Colleague: 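Got a structure for you, written out below as structure tokens; questions coming shortly.
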Amino acid sequence: MQMTLKEAKGNFFDRKAIVDAVGKANARVAMKQGGLVKTIMKRSMRRKKGPAPAGQPPHAHEGQLRDLTFFAFDPSTQTTVVGPIKLDAGNAAEIQDKGGMVPVVGIYSRSGKFIPAYALSAAGRRGAMAKAKFVKVMREVQPRPFSVPALQSAKSKLAEQWQETVRK
């Protein structure tokens with residue numbers, strides 16, 4: 001399930017409608033569980049230069065994926081949803097997590113090698129723009145999972161948080 005920031009804000013656990021819908025005790029536990037998974041997810045994304053190896057959590061360069069990770073209540077499934085919010089029409093977070101195809105703009109060199117536009121010097125970009133040589137090529141992005149591993153590592157602690165709510 002993907003939520004925009006506006007949808008997520010409306011379903012935060014501090015909203016009276018959400019607390020009324022799930023109950024005070026359940027809301028408190030769901031909030032703790034969502035916060036735990038969110039913290040593990042954000043901490044798995046280390047601040048390093050360059051791309052992360054495939055199969056490892058993505059590196060946080062500018063921190064957008066890390067900073068835009070929230071948890072909220074999903075009324076349709078009555079569950080807590082944890083993850084990065086959906087920005088505009090993009091699905092970069094999902095591609096990072098699960099892998100997929102992305103368009104890359106660049107040029108072909110005389111030897112036939114594809115050079116992405118971000119790898120060209122400023123003079124190379126200006127020259128290519130003057131000759132209108134840019135092409136768009138679909139490239140595969142290997143998955144760099146961060147959501148499922150965070151849930152797996154938190155799984156043992158999630159059940160413990162319900163113990164405080166059940167009274168004898």
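Predicted model, so just to flag it, every value in this text is computed and none were measured. Heavy-atom basis, side chains included; hydrogens, waters and symmetry copies ignored.
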Colleague: Kindly compute the distance separating NZ (K32) from CG (L158), expressed to the nearest 0.5 Å.
Modeller: 12.5 Å

Colleague: Under 4.5 Å between side-chain heavy atoms, hopping through other hydrophobics if needed: is there a path connecting V102 to V137?
Modeller: yes

Colleague: Which atom pair, heavy atoms only, marks the closest approach of F146 to S44?
Modeller: CB-OG, 4.1 Å

Colleague: Kindly give the cluster partners of M138, where membership spreads through any ILVMFWY side chain lying under 4.5 Å from a current member.
Modeller: M101

Colleague: Can you give me the closest heavy-atom contact between P84 and A93, atom names plus distance?
Modeller: CG-CB, 3.5 Å

Colleague: Quick one: list whatever passes side chain to side chain contact (heavy atoms under 4.5 Å, CB included) with K38, sequence neighbours left out.
Modeller: K42, T69, F71, V82

Colleague: Do you know the tightest heavy-atom contact between L36 and A154?
Modeller: CD2-CB, 3.9 Å

Colleague: Can you tell me which residue pairs pass the side chain to side chain donor-acceptor pair (under 3.5 Å) test with a partner in residues 102-111, sequence neighbours excluded?
Modeller: S109-S111

Colleague: Side chain to side chain contact (heavy atoms under 4.5 Å, CB included) with P116: which residues, sequence neighbours excluded?
Modeller: V104, F114, Y118, A119

Colleague: Shared ILVMFWY cluster between M31 and I40, side chains joined below 4.5 angstrom?
Modeller: yes

Colleague: Apply salt bridge (Lys or Arg N to Asp or Glu O under 4.0 Å) to K48 and list each qualifying residue two or more places apart in sequence or on a separate chain.
Modeller: none

Colleague: Compare every heavy atom of T80 with every heavy atom of A30, then report the nearest pair and how far apart it is.
Modeller: CB-OG1, 3.4 Å

Colleague: Starting at CZ of R66, measure out to NE2 of H59 and round the result to the nearest 0.5 Å.
Modeller: 11.5 Å

Colleague: Would you compute the distance between atom CG of L65 and atom CE of M45 and round it to the nearest 0.5 angstrom?
Modeller: 4.0 Å

Colleague: Kindly state each residue pair satisfying side chain to side chain donor-acceptor pair (under 3.5 Å) with at least one member in residues 135-156, sequence neighbours excluded.
Modeller: D97-S147

